[in-house]
Amino acid sequence: MKQLVRYTAALWAAVLLTACGAEQYDVIVIGGGVSGTTAGIRSARLGAKTLIVEEGPWLGGMLTSAGVSATDGNYRLRGGMWGELRDSLEAHYGGPEALKTGWVSNLLFEPHIGARIFRSMAENEEQLTVKFETSATEILRTEQGWQVTLHSAEGSKRVGGKVLIDCTELGDVAAAQGVKYDLGMESRSVTGEEVAPEEANDIIQDLTMVMVLKDYGRDVTIERPADYDSTLFACACDNPICRTPKEANRLWSKKMMMTYGKLPNGKYMINWPIEGNDFYVNMIEMSSEERQEAVRKAKAHTLNFLYFIQHELGLNTLGLADDEFPTEDRMPLMPYHRESRRIEGEVRFQLNQVTHPYDYTLYRTAIGVGDYPVDQHHTRYTGWEALPNLYFHSVPSYGVPMGVMLPKEVDGLIVAEKSISVSNLVNGSTRLQPVVLQIGEAAGILAALASKQGIEPREVAVRDVQREVLNGGGYLLPFLDLPATDPHFKAMQRIGVTGIIEGVGMTVGWENQSWFRAEETISLGELMVGLQPFLQSDEAEAIVELTNTKLATLNDLQPKIGAVSAEAWETLGLGNYNPERPLTRLECAVVIDDRLKPFDVAVDLNGNLK
């Protein structure tokens, strides 16, 4: 009976929505965080009438509203809207060197500058509407699409949309729509990940209430908090009151702690993971009132840390910046959430698929890239010592599969931000800002194409989404050989995701890398393994005895590839024309991409060739 009532209510709501002439959109994005901002902008650029609904006054989420304006990872993978953000920041501050103010990142900026840039980017899109300080409730799915009730200071109104994107910080929309999800750590037996715990648990990562400080040149020590306990922070850095550090190998100096997140214009972002302002609370399943109380406690913890810095460490001229956040308490607009619900998607991206991509096929569906280690924050959780040690667990750089954004069983919905379908361990890398930004960009592309084609998001061709990522200057796979501006970048990326020529991943010091090995030669045997699905068997057998791949060899593969003349070689923008010399891997990729066009062969969401 209750199901019938809900269905009838939804049906009548659809009728009223149409009758009242409520505003219609192609794509509605709930949440204007990192992924919500890029999803909305990218959707609008593809001609979709798009709405972003944001509860606060800023776009940018963890990069701005949460104050985490020191980006982690993808520094050498500059492309797409991630590259656009960096271009704007460099233009504002005077070049890339001006952003290297702290040691945790090569790209630091003031949160309000990031918010200003994101807002400007959004305002440049005619097809995009942003509703700030607006909440979305009563989200209903009907045969016509989605109906969303919006609440703001101006009152309530209904809007309709064809495709909905959940870009909330904790996956609230997906949960409300009945999408199945996971919380906490999966067991090793479920994921097959060797570093996963033996038993599953519901433990999530610590969150952080960041603070941005500036030097006032006078004593600005806050009043001693009533619940102040210096032992909570005693070993945040090397100082006289530190006796038993939790992590003795990471006991750094006061200067190192303070310059960790130093921002331009002499400000200090305090997002200190070593007995600092990390705070454990699992607020994901809480009510709105319970979440508010949890945030209050996280703020109190951070203010205690501030008092420790001012009183115990003697830095009493540093106080909360009065020119950063539009809040009365000078604190960020929201906490920095490192973990969310993780939906059950059409595919689940797990650690083994990151470390051994070519043992699987998901890499063929990649729509964005990441290169950060698996990094999880747990030391504020009581009993953290028993959890897997996942401080900078090295992995190769990787491509994020498209299917992680697509929930099973719920139509018309795309999920982004940190709620994508990944394992708990993989979330330790995909949660970082540049990756989330790219996930949002791909979500916007996917939504716009689904709306335009009048199909479900899961029915949109993987190659169509990848093609638009490339058209926007973005990466599919994290090959460092060529920048996104190189004329052969797209060919390398396209051949990379076909699997005809494989890359290699590695860890070099602190850096996780992948290389196409563009300038190396390639043996015919290796090339034929990748080409096999795209060639007739007799063509393959005719040339397997040759050692090196040469143009003369490729010319034997007619009519699939066809002869490459000197004129055609020049048109392709390649170097010395000599049909008898060994070809580089990049030259093979460019020729095969041009003649065979294997990227046009469709793949499903698991990367299987259709």
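We number each residue from 1, following the sequence as shown. In this text, all values refer to a predicted model and were calculated from it rather than measured experimentally.
Under the 4.5 Å side-chain criterion, counting only non-hydrogen atoms from C-beta, Tyr260 is in contact with Pro273. Looking at heavy atoms from C-beta onward, Tyr398 lies in side-chain contact with Phe349 at the 4.5 angstrom threshold. Looking at heavy atoms from C-beta onward, Arg158 lies in side-chain contact with Glu138 at the 4.5 angstrom threshold. Residues Leu63 and Leu85 are in side-chain contact: their nearest non-hydrogen atoms beyond the backbone lie under 4.5 Å apart.
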**Asked** So Cys235 and Cys242, disulfide (SG to SG under 2.5 Å) or not? Walk me through it.
**Response** CA-CA 5 Å; Cys235 293; Cys242 177; 2.1 Å; yes
**Asked** Are Glu186 and Arg342 close enough, and set up right, to give a salt bridge (Lys or Arg N to Asp or Glu O under 4.0 Å), and what steps lead you there?
**Response** CA-CA 11 Å; Glu186 301 96 341; Arg342 301 187 310 283; 2.9 Å; yes
**Check against side-chain contact (heavy atoms from CB on, under 4.5 Å), Met283 and Leu170** = CA-CA 9 Å; Met283 67 169 67; Leu170 299 177; 4.1 Å; yes
**Request:** Run the numbers on Met257 and Ile309 for side-chain contact (heavy atoms from CB on, under 4.5 Å), then give the verdict.
**Result:** CA-CA 10 Å; Met257 183 181 80; Ile309 291 171; 4.2 Å; yes
**Item:** Working for salt bridge (Lys or Arg N to Asp or Glu O under 4.0 Å), residues Asp26 and Lys49
**Value:** CA-CA 5 Å; Asp26 297 314; Lys49 185 179 180 183; over 6 Å; no
**Asked** Would Lys131 and Glu23 count as a salt bridge (Lys or Arg N to Asp or Glu O under 4.0 Å) if you check the C-alpha gap in whole Å, the side-chain angles of each, and the deciding distance to 0.1 Å?
**Response** CA-CA 13 Å; Lys131 293 191 180 296; Glu23 190 163 10; 5.2 Å; no
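Side chains of Arg338 and Thr208: a donor on one and an acceptor on the other come within 3.5 Å. No side-chain donor-acceptor contact under 3.5 Å links Glu312 and Asn239. Looking at Gln433 and Tyr372, their side chains never bring a donor and an acceptor atom within 3.5 Å of each other. A donor-acceptor contact under 3.5 angstrom links the side chains of Glu417 and Ser35, judged on distance only. With no hydrogens or angles considered, a side-chain donor-acceptor pair links Thr137 and His151 at under 3.5 Å.
Of the residues Tyr307, Phe279, Trp272, Phe305, the one that meets the ring pair (Phe, Tyr, Trp, His ring centres under 6.0 Å) test with Phe233 is Phe305. Screening Arg380, His377, His378 for a side chain to side chain donor-acceptor pair (under 3.5 Å) with Asp278, the sole residue that qualifies is His377. Considering Leu89, Leu108, Asn106 in turn, Leu89 is the only one that fulfils the side chain to side chain contact (heavy atoms under 4.5 Å, CB included) rule with Leu99.
Counting only distance, with no hydrogens or angles, the side chain of Asp227 and the backbone of Asp229 share no donor-acceptor pair below 3.5 Å. No donor-acceptor pair under 3.5 Å is formed between the side chain of Ser43 and the backbone N or O of Thr50. A distance-only check finds a donor-acceptor pair linking the side chain of Ser253 to the backbone of Met256 [under 3.5 Å]. No donor-acceptor distance shorter than 3.5 angstrom exists from the side chain of Thr317 to the backbone of Asp215, with no hydrogens or angles considered. Side-chain atoms of Ser421 come within 3.5 Å of backbone atoms of Ile343 as a donor-acceptor pair (strictly under, hydrogens ignored). Under a 3.5 Å cut-off, the side chain of Thr64 and the backbone N or O of Leu59 do form a donor-acceptor pair. Remark: side-chain polar atoms of Ser152 are not paired, donor with acceptor, to backbone N or O of Glu133 under 3.5 angstrom. A donor-acceptor distance shorter than 3.5 angstrom exists from the side chain of Glu54 to the backbone of Gly32, with no hydrogens or angles considered. Panel note: side chain Arg224, backbone Asn304; no donor-acceptor pair is recorded below 3.5 Å. Checking side-chain atoms of Asn124 against main-chain N and O of Ser120 turns up a donor-acceptor pair under 3.5 Å.
Val53 and Thr134 make their closest contact through CG1-O, 3.5 Å (heavy atoms, listed as atom of the first residue, atom of the second, distance). The two atoms that bring Met211 and Asn277 nearest to each other are N-ND2, 4.3 Å, heavy atoms only. Of all heavy-atom pairs spanning Val369 and Val435, the tightest one is O-CG2, 3.7 Å. Minimum heavy-atom separation, Ile165 to Ala416: CG2-CB, 4.5 Å. When all heavy atoms are compared, the tightest approach of Leu320 to Leu306 is CG-CD2, 3.9 Å. Met81 and Glu441 get closest at one heavy-atom pair: N-OE1, 3.2 Å.
The 12-atom threshold is exceeded at NZ of Lys246, counting heavy atoms of other residues, nucleotides or ligands nearer than 6.0 Å. Within a 6.0 Å sphere centred on CD of Glu154, other residues, nucleotides and ligands contribute 12 heavy atoms or fewer. For Lys180, the NZ atom is loosely surrounded, since the number of other residues' heavy atoms within 6.0 Å does not exceed 12. Counting heavy-atom neighbours within 6.0 Å of Glu385 CD, excluding the residue itself, gives a total above 12.
Tyr381 OH to Leu387 CG: the interatomic distance, rounded to the nearest 0.5 Å, is 6.5 Å. Between atom CG of residue Leu446 and atom CD1 of residue Ile367 there is a gap of 9.0 Å, rounded to the nearest 0.5 Å. One distance of note links CG of Asn427 with CE of Met185; it measures 10.5 Å at 0.5 Å rounding. Annotation: the span from Arg250 atom CZ to Glu275 atom CD amounts to 10.0 Å, rounded to 0.5 Å. Here the OG1-CG distance, from Thr221 to Leu315, works out to 9.5 Å after rounding to the nearest 0.5 Å. Atom-to-atom distance recorded for Ile270:CD1 and Leu213:CG is 5.0 Å, nearest 0.5 angstrom.
Not counting sequence neighbours, Asp202 has no partner by the side chain to side chain contact (heavy atoms under 4.5 Å, CB included) test.
Electrostatic pairing of Arg431 and Asp72 does not count as a salt bridge here, judged by no charged N lying under 4.0 Å from a carboxylate O. Residues Lys418 and Glu169 are paired through a salt bridge, judged by an N-O separation under 4.0 Å between the basic side chain and the carboxylate. Checked for salt-bridge contact, Arg341 and Asp166 miss the test: no charged N lies under 4.0 Å from a carboxylate O. The pair Arg45-Glu125 meets the salt-bridge criterion, since a charged nitrogen lies less than 4.0 angstrom from a carboxylate oxygen. Classification of Asp371 and Arg76 as a salt-bridged pair fails, no side-chain N sitting under 4.0 Å from a carboxylate O.
A ring-centre distance under 6.0 Å is not found for His301 and Tyr280.
Both tests pass for Arg86 against the ring of Tyr75: distance under 6.0 Å to the centre and angle within 45° of the axis.
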